[in-house]
Amino acid sequence: MSETKLTGDAFELYCDVVGNPTPEIQWWYAEVNRAESFKQLWDGARKRRVTINTAYGANGVSVLRITRLTLEDSGTYECRASNDPRRNDLRQNPSITWIRAQATISVLQKPRINSSEDVVIRNSAVTLQCNLTTSPSPLSASYWVKNGEEIPGTRKASNTTEYKILKPRAEESGEYLCVFVFSNSPIANATIEVRAIPDITGHKRSENKNEGQEALMYCKSVGFPHPEWVWRKKVNGIFEDINNSSGRFFISNKDNYTELSITNLQINEDPGEYQCNATNQVGSASVTTILRVRSHLAPLWPFLGILAEIVILVVIIVIYEKRKRPDEVPDGKCAQSRSEGGK
């Protein structure tokens, strides 16, 4: 196994050994071109840049990690394992009592990249620039990355590269990397942070719920860095942080998204104006939602209204019929029928 790294980087090597009894694991190192001059590595060596974590159970597992690499860290690294009772006897031949696995690590000088300073989006176009001044091997290509994804159309073979943000909007903010690819060494990059004040989109201007139900309000934003979220409610004309003494308020925040959930709504406590506020290193922004809570009888109001109209109509008809009955037979017809009967 062989691996190439750049100065300042880190690497890890793993060693997993099976045996009965469980073997002891050690790490050794030999400089370049001195493969026979191995020296044992210890946890905390090389000014505490070396970390060795080993665990023993049914098998033995060990991890060697070296950080802040220098050119002198190049060489051959060896994992040794043995359960031979004579393994640490200096009179024994190590090649007989220990099994070995090796990895070659090559550390190259990290390329030097001159890049633009971090920038804040205002009202004018932004130009990001990177210039590769030194490299360990010939350059193959360069390109730009935003938030972990390559920006289409930016790949070319040049030591100097730039990217223009023509429309200065919050959604264009983020972490930009200029990446340089080499033919015989690891890629190198430089990071430029493009920052912007949060631009918030709220849930709704107003939310209508019934007493006893649950209300869910949310806000999301664009803008980098990710903001800190705070929910507030207007009390006596002033927005105050949510008081969750009732235990019915639940707030969930994740990067550019937040939500406020209120369970078992109370008609006398919960209606009002709620504000979500997002704050990052550039500034802050907020939006407001009005929550209205209706009585639990509210769904019956349309039905009760129709029922009331029907009752009123029936009463009117009954009254009308009672008043009409005495006048149903005219007096003249009644007199005529009596005279005919007398004959």
Side-chain angles (χ1 to χ4, degrees), residues 117-124 126 128 145-149 151 165 167-177 191-302:
E117 298 291 333
D118 295 343
V119 63
V120 174
I121 289 181
R122 300 296 184 187
N123 297 316
S124 58
V126 174
L128 310 179
V145 170
K146 178 189 176 186
N147 296 334
E149 296 184 2
I151 302 175
I165 303 174
K167 297 180 179 179
R169 300 173 297 189
E171 60 198 54
E172 297 296 334
S173 64
E175 189 176 67
Y176 288 78
L177 277 73
T191 302
I192 305 172
E193 288 190 357
V194 178
R195 304 168 182 165
I197 191 172
D199 184 6
I200 303 179
T201 301
H203 170 57
K204 294 179 181 178
R205 290 188 176 180
S206 63
E207 177 81 0
N208 299 316
K209 290 291 181 180
N210 296 326
E211 187 177 12
Q213 289 184 329
E214 177 184 357
L216 178 64
M217 295 170 280
Y218 70 82
C219 291
K220 54 186 178 180
S221 74
V222 292
F224 182 85
H226 298 314
E228 296 288 335
W229 292 99
V230 176
W231 281 91
R232 299 186 176 101
K233 182 184 178 184
K234 182 175 282 189
V235 180
N236 298 326
I238 301 174
F239 280 104
E240 298 180 355
D241 291 355
I242 294 291
N243 178 6
N244 193 25
S245 58
S246 65
R248 297 183 296 108
F249 293 79
F250 300 90
I251 297 174
S252 175
N253 301 327
K254 184 179 180 181
D255 296 339
N256 283 340
Y257 178 84
T258 182
E259 64 181 28
L260 167 66
S261 173
I262 309 174
T263 60
N264 190 22
L265 288 170
Q266 303 297 309
I267 195 169
N268 296 323
E269 300 176 16
D270 298 329
E273 296 183 43
Y274 290 81
Q275 180 191 80
C276 67
N277 177 274
T279 302
N280 64 11
Q281 298 173 6
V282 183
S284 63
S286 60
V287 295
T288 301
T289 298
I290 299 175
L291 175 63
R292 300 183 179 91
V293 180
R294 301 171 297 191
S295 168
H296 61 276
L297 297 176
L300 298 177
W301 288 347

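Being a predicted model, the structure only gives us computed values, none of them experimental.
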How many angstroms lie between atom NZ of Lys209 and atom CD1 of Ile267, to the nearest 0.5 angstrom? 15.0 Å
Would you give the length of the straight line joining atom CD of Glu171 to atom CD1 of Ile165, rounded to the nearest 0.5 angstrom? 11.0 Å
Using 0.5 Å steps for rounding, measure from the CG atom of Asn280 to the CZ atom of Arg195. 9.0 Å
Is it the case that the side chain of Asp118 and the backbone of Glu193 share a donor-acceptor pair, with hydrogens and angles ignored and the cut-off at 3.5 Å? yes
What I want to find out is whether Asp270 reaches Arg248 closely enough, with some N-O distance under 4.0 Å, to be called a salt bridge. yes
Which atom of Tyr274 lies closest to which atom of Phe239, heavy atoms considered: C-CE2, 4.4 Å
Tell me the closest heavy-atom pair linking Asn210 and Ser295, and the distance in Å. OD1-O, 4.2 Å
Heavy-atom pair with the smallest gap, counting every atom of Glu207 and Leu216: OE2-O, 4.5 Å
More than 12 heavy atoms of other groups within 6.0 Å of Glu228 CD: no
Checking Gln266 side chain against Asn264 main chain: does a donor-acceptor pair fall under 3.5 Å? yes
Heavy-atom side-chain proximity of Pro168 to Arg122 below 4.5 angstrom: no
Side chain Trp229, main chain Asp255, donor-acceptor under 3.5 Å: yes
Go through it in stages, so that I can follow the logic: the residues are Asn277 and Thr279, the test is side chain to side chain donor-acceptor pair (under 3.5 Å), and I'd like the CA-CA distance, side-chain angles, deciding distance and then a yes or no. CA-CA 7 Å; Asn277 177 274; Thr279 302; 2.9 Å; yes
The test is side chain to side chain contact (heavy atoms under 4.5 Å, CB included); show your working for Val293 and Gln213 and say whether it passes. CA-CA 9 Å; Val293 180; Gln213 289 184 329; over 6 Å; no
Sub-3.5 Å donor-acceptor pair from the side chain of Thr258 to the main-chain atoms of Cys219, do we have one? no
Test item: Thr289 and Leu260 side chains (from C-beta on) under 4.5 Å apart, heavy atoms: no
Between Leu265 and Ala215, the two heavy atoms sitting closest are CD1-CB, 3.9 Å
Separation between NZ (Lys233) and CD (Glu240), nearest 0.5 Å, reads 10.0 Å
I need the minimum non-hydrogen distance between Val119 and Leu128, along with the two atoms involved. CG1-CD2, 4.1 Å
Might you point out which heavy atoms bring Ile192 and Glu117 nearest each other, and give the distance in Å? CG2-O, 3.6 Å
Around atom NZ of Lys146, are there more than 12 heavy atoms from other residues, nucleotides or ligands closer than 6.0 Å? yes
Quick one: CD on Gln275 to CG on Asp241, what's the gap to the nearest 0.5 Å? 10.0 Å
Distance, nearest 0.5 Å, that separates CH2 of Trp231 from OG of Ser286: 11.0 Å
Ignoring hydrogens and geometry, is there a side-chain-to-backbone donor-acceptor pair from Asn147 to Glu175 under 3.5 Å? yes
